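Report on one structure; see the data block that follows.
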Amino acid sequence: MFGSLFQRDTASVENLSAAQAKALYGNKDVVYVDVRGADEIARSGTIKGALRAPLPGLANFAKPAGGGLLPAADSGKKIILVCASGNRSGIAARQLAGMGYPSVANLMGGFGQWLAVGGPTER
């Protein structure tokens with residue numbers, strides 16, 4: 001009886017290593033989203049082809065029904081989120097999952113780990 005009152009959101013977020021995320025690079029059904037600010041991206045670069053949707057305004061870019069920068073929730077696309085360390089992208093992944101996106105993942109270790117495995121980048 002009380003279990004349903006205190007049930008936590010069960011939206012699932014996958015945690016990917018940089019090597020796992022890199023192995024998915026080039027798949028047409030995978031979208032990379034950098035949630036860092038423009039100044040951070042300008043200093044360090046980002047994943048080549050990544051969409052840029054800073055965490056503070058993520059809901060403005062994510063429209064589950066479609067029409068936003070991010071694909072619609074029912075698009076069948078996996079969204080991999082990245083930041084500097086994996087903390088903000090983890091928050092963003094949980095936020096998207098809570099909005100109804102069924103396939104979201106957090107790149108653990110962030111952009112630094114992407115660099116370490118030789119993932120493609122751009123400025």
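These figures come from a predicted structure and were not determined experimentally. Values below: every heavy atom of this structure, side chains too, minus hydrogens, waters and symmetry copies.
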For residues Val33 and Ile91: do they belong to one hydrophobic cluster (side chain heavy atoms under 4.5 Å, members Ile, Leu, Val, Met, Phe, Trp, Tyr)? yes

In short, salt bridge (Lys or Arg N to Asp or Glu O under 4.0 Å) pairs touching residues 101-117 with sequence neighbours left out are none

Worksheet entry | hydrophobic_cluster_shared for Ile41 and Leu58, side chain cutoff 4.5 Å | no

For Val13 and Ala97, the nearest pair of non-hydrogen atoms, with its separation, is CG2-CB, 4.0 Å

Sorted by chain and number, sequence neighbours left out, side-chain contact (heavy atoms from CB on, under 4.5 Å) with Asn60 holds for none

Of all heavy-atom pairs linking Val104 and Ala93, the shortest is CG2-O, 3.5 Å

In terms of heavy-atom contacts, Leu70 and Leu96 come closest through CD2-CD1, 3.8 Å

Applying side chain to side chain donor-acceptor pair (under 3.5 Å) to Lys78 and not counting sequence neighbours gives Glu14

Taken in chain and number order and not counting sequence neighbours, the residues that satisfy side chain to side chain donor-acceptor pair (under 3.5 Å) with Ser103 are none

Practice problem: Please check if the side chain of Lys77 supplies one atom and the backbone of Pro71 the other of a donor-acceptor pair under 3.5 Å. | Solution: no

Sorted by chain and number, sequence neighbours left out, side-chain contact (heavy atoms from CB on, under 4.5 Å) with Pro64 holds for Ala73, Met99, Tyr101

The complete set of salt bridge (Lys or Arg N to Asp or Glu O under 4.0 Å) pairs with one or both residues in residues 65-75, sequence neighbours excluded, reads none

Connected to Leu115, directly or through other members, by ILVMFWY side-chain contacts below 4.5 Å are Leu16, Leu24, Tyr25, Val30, Tyr32, Ile47, Ile80, Val82, Leu107, Phe111, Trp114

Ser44 meets the side chain to side chain donor-acceptor pair (under 3.5 Å) criterion, sequence neighbours left out, with Arg36

So ring-ring contact (aromatic ring centres under 6.0 Å, His included) across residues 45-66, not counting sequence neighbours, yields none

Taken in chain and number order and not counting sequence neighbours, the residues that satisfy side chain to side chain donor-acceptor pair (under 3.5 Å) with Ser75 are none

Heavy-atom closest pair (Asp34 atom, Cys83 atom, distance to 0.1 Å) is OD1-CA, 4.4 Å

Applied to residues 80-93, the side-chain hydrogen bond (donor to acceptor under 3.5 Å, both in side chains) test, sequence neighbours excluded, yields Glu40-Arg88, Ser85-Asn87, Ser89-Asn106

Heavy-atom closest pair (Ala72 atom, Ala65 atom, distance to 0.1 Å) is CB-C, 4.0 Å

For residues 108-123, the salt bridge (Lys or Arg N to Asp or Glu O under 4.0 Å) pairs (sequence neighbours left out) are Arg52-Glu122

